[in-house]
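Small disclaimer: the values here were computed from a predicted structure and weren't measured. As the structure lists them, so they are numbered: ligands from 1, and atoms in each ligand from 1. The analysis underlying the following values was restricted to heavy atoms, covering all of them including side chains, and did not include hydrogens, waters or symmetry mates.
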Amino acid sequence: MAQDTPHKTRSIAIIGTGYVADFYMKSIRLYPDVDIVAAFDIDAERLSVFCAHWDVPAASSADELFAALPDDGLVLNLTNPDAHFAVSQACLLAGKHVYSEKPLAMRMTDADTLADLAVAHGLHLGAAPCSYLSQSAQTLWAAVRSDVAGKVRLAYAEIDDGYIRQAPYQHWKSESGAPWPAEDEFQVGCTMEHAGYYLTWLIQMFGPVRTVVAASAQLTGDGAAAHDLSIGTLFHTSGVVTRLTCSIIAPHNHEIRIVGDKGVLELDECWDNLAPVRFRKRMRIRRRLLESPLTRKLRLPEKLAHPVPAKGGSATMNFFLGPDQMLQSIAAGDDPKPAMDMALHVNEITLALQNAGEDSGALPMQTRCDPLPPQSWAAHLKGGAA
Ligand SMILES: NC(=O)c1ccc[n+]([C@@H]2O[C@H](COP(=O)([O-])OP(=O)(O)OC[C@H]3O[C@@H](n4cnc5c(N)ncnc54)[C@H](O)[C@@H]3O)[C@@H](O)[C@H]2O)c1
């Protein structure tokens, strides 16, 4: 029946129809007022499979896609990180608002160029990830603001993804059959790929970062691969200090713990929009100091603030929260600067973490010592052989 068909009032177009585009499609389908006017990919076969699977119109070029998109529409740039700059630049030059997958650009000078272009043309420019808009992140932030944990001093956020090179990733495929782009992921680096998932939360809660002290290293793979471990200490302007770890080596751990004067706020998974937020009160029991083994679950009054798609891969995330907010801002005539500034700041910090290496701000050690021999009673291990 016609009255059941929602009126499609908001237009988007997709450039890059690979692995992540299917995740976006599952999220976009939760917004019946959103019309996908065109999709384009330089890989014609992939474009055709994607468009047939999702019943989306294919464009034969980026220019054809731009022509199909109204001026108040939004381009989602879901291409590979190395293509982000050129694709976003083409969108802005065509007068189109852009929401880019992360990173905004692989070099800060390119990110700045995009921002200058967006300002000059009065366009919106933003970048994923948008999980900071999720129910879980907003609940955590509300808990921080409500002083549940008291004055916050420190936060530890981890995005360790397991020893990915030993995972059967050759078998990972998106819903419409795109393979997980392993080589691209290894060459771009897990920090470029993942740091934003917590950086956005940390900046949202504790303000911008004035100094990054970081180290990063490549511990697996060949010479073409990027650093696959980074550990950063972030000094926020608010005085809060946070530590962010990214690796594709250490066992999966996507936990955040926020330490305040009254106890610890915690959440287990930044890739789950509905992850519960818990509080552990700090207490003294006789001569001991401990965080309570019993946790208090914290909730917002709203039952569910936004739609969430069924679990896809390792994530339960609505990838359209960011584009949805940008479309609302465009329609309302809001100032594009805050979202753009956030994207630039996240890009700058991410690059600092990914590329820190061993020497940035490092203190070379002057002393050395020999490794110590084991104790005689600890020389042989039982059960050690695989
Ligand atoms: N793979 C994931 O799990 C995942 C999750 C979240 C975000 N992302 C991000 O999504 C983006 C895309 O990653 P992906 O996994 O979908 O990669 P992918 O390689 O599967 O897909 C990228 C697609 O972009 C196309 N493309 C490249 N350059 C283009 C250009 N100039 N014009 C048009 N199309 C072009 C490629 O042909 C390919 O089909 C990356 O920024 C990545 O960080 C990936």
> For ligand 1, what is the set of protein residues having any non-hydrogen atom at a distance below 4.0 Å?
Replying inline: Ile15, Gly16, Gly18, Tyr19, Val20, Phe40, Asp41, Ile42, Asp43, Arg46, Leu78, Thr79, Asn80, Pro81, Ala83, His84, Val87, Glu101, Lys102, Trp180, Pro181, Glu185, Glu193, Tyr197, Phe319

>> Distance alone, cut at 3.5 Å: any donor-acceptor contact between the side chains of His252 and Glu158?
In response: no

> side chain to side chain donor-acceptor pair (under 3.5 Å) with Gln354: which residues, sequence neighbours excluded?
Replying inline: none

N/O donor to acceptor pairs below 3.5 angstrom from side-chain atoms of residues 137-145, sequence neighbours left out:
from   : atom 1 : to     : atom 2 : distance (Å)
Gln138 : NE2    : Tyr132 : O      : 2.8
Gln138 : NE2    : Gln204 : OE1    : 3.2
Thr139 : OG1    : Gln135 : O      : 2.5

>> Aromatic contact between Phe320 and Tyr31, with the criterion being ring centroids under 6.0 Å apart: yes or no?
In response: yes

>> Under 3.5 Å, is there a donor on one side chain and an acceptor on the other for Asn80 and Asp184?
In response: yes

Side-chain polar contacts of residues 104-116 - donor-acceptor pairs under 3.5 angstrom, sequence neighbours left out - could you list them?
from   : atom 1 : to     : atom 2 : distance (Å)
Arg107 : NE     : Asp110 : OD2    : 3.2
Arg107 : NH2    : Asp110 : OD1    : 3.3
Arg107 : NH2    : Asp110 : OD2    : 3.1
Thr113 : OG1    : Thr109 : O      : 2.8

